[in-house]
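Have a look at the structure below before the remarks.
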Amino acid sequence: MAKVTKETRVVAAEFAAGATSVAGLPPPALAEVAFAGRSNVGKSSLMNALLGRRNLVRTSNTPGCTRQINVFTASLDDGLSLHVVDLPGYGYAKVSKSEARSWGPMLEGYLKRRSTLRAVCILVDIRRGLEQEERDLLAFLASPPEVDRACPTQVVVCATKLDKIPLSQHKTALAELSRDAGVPVVGTSAETLAGREALWSRLRRAIAGEA
């Protein structure tokens with residue numbers, strides 16, 4: 001008999017803070033899961049789908065819309081509370097070079113010094129695969145953090161826009177991306193909600209300190 005997976009229900013979700021520096025973030029009181037990805041990869045849409053909200057996380061067709069670290073507080077029906085963090089997009093051209101350079105230290109500081117960071121989800125368009133920015137981010141996250149953490153931060157690679165390729169290609173495309181990234185990949189679609197429960201399962205394990 002197939003195992004029935006209980007749907008994760010988010011009973012409350014709200015914007016907590018936006019910051020242009022690590023110092024401006026809320027105190028590190030809750031476990032945090034952060035989402036990173038190039039512009040137009042579908043990051044905001046996937047985060048809204050994960051949280052069961054339509055427009056909580058801002059979506060935009062303008063590359064580089066997210067220009068700060070945005071923190072959301074979420075509470076689940078089983079009592080788990082966490083911070084879900086939206087990191088600035090990268091790989092865009094419609095922002096100044098000075099802005100792009102200023103985000104580098106901010107993101108590096110967050111990823112290396114945030115004590116409650118439990119997981120970093122790197123989003124990759126399944127149709128494009130890993131590009132240099134994703135490879136650089138994976139390499140950066142492989143180096144040790146600059147603070148002590150109760151649990152190691154886990155890297156989760158999410159393939160987005162799974163609905164944009166034929167179903168017959170899903171297995172092969174995900175396997176290729178997993179081999180390329182060197183870590184298991186969660187296939188997702190904000191449109192169909194494919195992969196939502198699998199992603200929640202990975203995030204729960206990361207928060208609990210399980211591999």
Side-chain angles (χ1 to χ4, degrees), residues 1-17 25-37 41-54 56-57 69-87 110-124 126 134 137-138 141-142 144-145 147-162 170 174-175 177-178 181-211:
M1 184 175 179
K3 182 179 179 181
V4 178
T5 302
K6 179 179 178 293
E7 181 181 354
T8 298
R9 191 165 71 89
V10 179
V11 295
E14 62 182 5
F15 177 75
L25 291 171
L30 295 175
E32 294 182 357
V33 296
F35 287 75
V41 75
K43 177 161 56 75
S44 298
S45 296
L46 180 60
M47 292 177 67
N48 280 323
L50 186 75
L51 295 171
R53 302 296 187 271
R54 286 186 177 273
L56 178 62
V57 184
I69 298 174
N70 290 320
V71 182
F72 302 86
T73 302
S75 299
L76 278 55
D77 60 352
D78 62 358
L80 175 64
S81 293
L82 70 155
H83 279 153
V84 180
V85 182
D86 184 13
L87 299 176
Y110 173 79
L111 294 172
K112 287 298 183 183
R113 303 186 194 108
R114 190 67 168 172
S115 61
T116 48
L117 183 59
R118 295 289 176 265
V120 179
C121 298
I122 301 176
L123 276 54
V124 180
I126 190 64
E134 287 80 41
L137 184 53
L138 284 167
L141 291 170
V147 295
D148 291 330
R149 287 171 173 159
C151 304
T153 299
Q154 296 187 23
V155 176
V156 181
V157 175
C158 299
T160 63
K161 305 185 181 183
L162 203 59
H170 286 190
L174 290 171
L177 181 56
S178 181
V183 295
V185 171
V186 179
T188 67
S189 167
E191 292 295 324
T192 67
L193 300 186
R196 181 178 185 268
E197 294 307 317
L199 181 52
W200 267 122
S201 178
R202 292 286 299 278
L203 295 178
R204 285 177 183 278
R205 295 203 304 270
I207 291 170
E210 302 172 358

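Sequential numbering from 1 along the given sequence is applied to the chain's residues.
Taking the side chain to side chain donor-acceptor pair (under 3.5 Å) definition, one finds that K161 meets it with nothing, sequence neighbours left out. Every side-chain contact (heavy atoms from CB on, under 4.5 Å) that A119 has, sequence neighbours left out, goes to V33, L203, A206. Residues satisfying the salt bridge (charged side-chain N to carboxylate O under 4.0 Å, His left out) criterion with R205, sequence neighbours excluded, are absent altogether. Scored by the side-chain contact (heavy atoms from CB on, under 4.5 Å) test, L30 finds T73, S81, H83 as partners (sequence neighbours excluded). Partners of F72 under the ring-ring contact (aromatic ring centres under 6.0 Å, His included) rule, at least two apart in sequence or in another chain, are F15. Evaluation of the side-chain contact (heavy atoms from CB on, under 4.5 Å) rule for S189 yields L162, D163, E191, T192, A194 as partners, not counting sequence neighbours. Not counting sequence neighbours, the partners of T153 by the side-chain contact (heavy atoms from CB on, under 4.5 Å) test are L117, V120, R149. Scanning for side chain to side chain donor-acceptor pair (under 3.5 Å) contacts around R196 gives an empty result, with sequence neighbours left out. For D78, the side chain to side chain donor-acceptor pair (under 3.5 Å) criterion is met by R204, not counting sequence neighbours.
We find the CG-OH distance between L25 and Y110 to be 7.0 Å, quoted to the nearest 0.5 Å. Here CD of E7 is found 6.0 Å from CD of E197. Values are rounded to the nearest 0.5 Å. Atom NZ of K43 is separated from atom SG of C158 by 12.0 Å, given to the nearest 0.5 angstrom. With rounding to the nearest 0.5 Å, the separation of OG1 in T160 from CG in L46 is 7.5 Å. Distance check: I69 CD1 to L111 CG gives 8.0 Å after rounding to the nearest 0.5 Å.
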Self-check item: From CA spacing to verdict: side chain to side chain contact (heavy atoms under 4.5 Å, CB included), L199, C121
Solution: CA-CA 9 Å; L199 181 52; C121 298; 4.2 Å; yes
Self-check item: side chain to side chain contact (heavy atoms under 4.5 Å, CB included) between V57 and F35, worked out
Solution: CA-CA 12 Å; V57 184; F35 287 75; over 6 Å; no
